[in-house]
Participant: 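One structure follows; several queries about it will come next.
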Amino acid sequence: MSHFFPIRVYHEDTDLAGIVYYANYLKFIERARTEWVRGLGVDQGRLRAEEGIVFAVRRVEADYLRPAKFDDELTVTTVLQGATGARMVLDQTVLRSGEVLFQANVTLVCLTATGQPARIPAEIRRLLGAALH
């Protein structure tokens, strides 16, 4: 099941050459992941406040394939590839009119407020299981 998140490129997203600064793609996919989790029905603020659990990026493998430019309309797709007791792996792609500009494989882990590994709560694992199908 894919999640789609629209983004428009603003001047603040570009470098002096007028193309999206490479680090901003990570911001784009972060926003899309946040909306993907929200779309699953997970309130990350409540999760942190009530259960002391947060999700953190453990690993990102990224490929920059083509540049995006000012005023481009982009779409970030997010697809859950797998989930275990304490981690999930996502494929995220940034597209412009169907053309792939950026691809990332992102591993998220579940942590306590003190940074210790934690199991993903059972209800969230259930939601993730449904997202895999």
Side-chain angles (χ1 to χ4, degrees):
M1 177 169 75
S2 296
H3 177 266
F4 301 94
F5 182 71
I7 299 245
R8 181 177 295 275
V9 176
Y10 297 104
H11 282 297
E12 68 185 24
D13 300 319
T14 63
D15 60 17
L16 291 175
I19 61 174
V20 171
Y21 182 66
Y22 79 96
N24 287 331
Y25 287 95
L26 298 177
K27 292 179 181 183
F28 296 165
I29 66 173
E30 174 69 30
R31 292 176 198 157
R33 276 195 313 277
T34 298
E35 294 304 322
W36 172 76
V37 170
R38 181 176 285 120
L40 290 175
V42 177
D43 181 336
Q44 292 187 75
R46 185 202 59 75
L47 188 64
R48 184 182 62 237
E50 294 178 9
E51 299 189 39
I53 300 288
V54 297
F55 295 114
V57 173
R58 164 71 172 80
R59 182 174 188 275
V60 175
E61 182 179 340
D63 286 316
Y64 299 84
L65 304 169
R66 301 206 181 289
K69 299 176 183 149
F70 170 72
D71 211 34
D72 280 351
E73 292 181 13
L74 309 176
T75 302
V76 181
T77 64
T78 302
V79 178
L80 178 65
Q81 292 300 311
T84 63
R87 76 175 58 201
M88 61 187 97
V89 177
L90 303 164
D91 280 334
Q92 293 192 274
T93 305
V94 177
L95 303 110
R96 179 184 51 225
S97 299
E99 177 185 28
V100 177
L101 306 180
F102 173 88
Q103 292 179 312
N105 182 269
V106 182
T107 301
L108 299 176
V109 293
C110 190
L111 300 175
T112 66
T114 61
Q116 298 300 311
R119 289 190 59 77
I120 298 170
E123 175 60 19
I124 296 174
R125 284 196 318 273
R126 186 187 66 75
L127 295 170
L128 294 172
L132 281 169
H133 299 75

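Side chains included, hydrogens not; waters and symmetry mates left out as well; all remaining heavy atoms used. Start at 1 with the first residue, then count along the sequence. As the structure is a computational prediction, the values presented were derived from the model and not from experiment.
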Participant: Take V76 and Y25, measure what side-chain contact (heavy atoms from CB on, under 4.5 Å) needs, and give me the verdict at the end.
Facilitator: CA-CA 10 Å; V76 181; Y25 287 95; over 6 Å; no

Participant: Tell me yes or no: between the side chains of Q92 and T78, is some donor less than 3.5 Å from an acceptor?
Facilitator: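 Indeed, the side chains of Q92 and T78 share at least one donor-acceptor pair under 3.5 Å.
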
Participant: Donor-acceptor check, side chain of D63 to backbone of L65, threshold 3.5 angstrom: yes or no?
Facilitator: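 Not a single qualifying donor-acceptor pair exists.
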
Participant: Check whether any side-chain N or O of R119 sits under 3.5 Å from a backbone N or O of A86 as a donor-acceptor pair, and report yes or no.
Facilitator: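 Between the backbone of A86 and the side chain of R119 there is no qualifying donor-acceptor contact (under 3.5 Å).
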
Participant: Angle between ring planes, F5 versus H3, binned at 30° and 60°: parallel, tilted or perpendicular?
Facilitator: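 If you compare the ring of F5 with that of H3, the planes turn out parallel.
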
Participant: Distance from I7 atom CD1 to K27 atom NZ, nearest 0.5 Å?
Facilitator: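 That separation rounds to 11.5 Å.
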
Participant: Do any N or O atoms from the side chain of R96 and from the backbone of P67 form a donor-acceptor pair under 3.5 angstrom?
Facilitator: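 Checked: pair present.
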
Participant: Can you classify the ring geometry of H11 versus F70 as parallel (below 30°), tilted (30 to 60°) or perpendicular (above 60°)?
Facilitator: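 Because their plane-to-plane angle is under 30°, the rings of H11 and F70 count as parallel.
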
Participant: Ring-plane angle category for Y64 and Y22, please: parallel below 30°, perpendicular beyond 60°, tilted otherwise.
Facilitator: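 Rings of Y64 and Y22: perpendicular, over 60°.
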
Participant: Using a 6.0 Å cut-off, check whether atom CZ of R87 has over 12 heavy atoms from anything other than its own residue.
Facilitator: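 Atom CZ in R87 is not crowded, with 12 or fewer foreign heavy atoms closer than 6.0 Å.
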
Participant: Can you find a side-chain donor-acceptor pair between E61 and N105 that sits under 3.5 Å?
Facilitator: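 No, no side-chain donor-acceptor pair sits under 3.5 Å.
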
Participant: Mind running side-chain contact (heavy atoms from CB on, under 4.5 Å) on R38 and V42 for me, showing each step along the way?
Facilitator: CA-CA 5 Å; R38 181 176 285 120; V42 177; over 6 Å; no

Participant: Of all residues at least two apart in sequence or in a different chain, which pass the ring pair (Phe, Tyr, Trp, His ring centres under 6.0 Å) check with Y21?
Facilitator: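 Partners of Y21 under the ring pair (Phe, Tyr, Trp, His ring centres under 6.0 Å) test: none.
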
Participant: Could you check whether R8 pairs with D72 (Lys NZ or Arg NE/NH1/NH2 to Asp/Glu carboxylate O, under 4.0 Å)?
Facilitator: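 Looking at R8 and D72, the cut-off is not met.
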
Participant: Please indicate whether R58 has more than 12 foreign heavy atoms, meaning atoms of other residues, nucleotides or ligands, lying under 6.0 Å from its CZ.
Facilitator: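 No, the 6.0 Å shell around CZ holds no more than 12 heavy atoms from other groups.
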
Participant: Using a 3.5 Å distance criterion without hydrogens, assess whether the side chain of D43 forms a donor-acceptor pair with backbone atoms of G45.
Facilitator: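 Flag set: sc D43 to bb G45 pair under 3.5 Å.
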
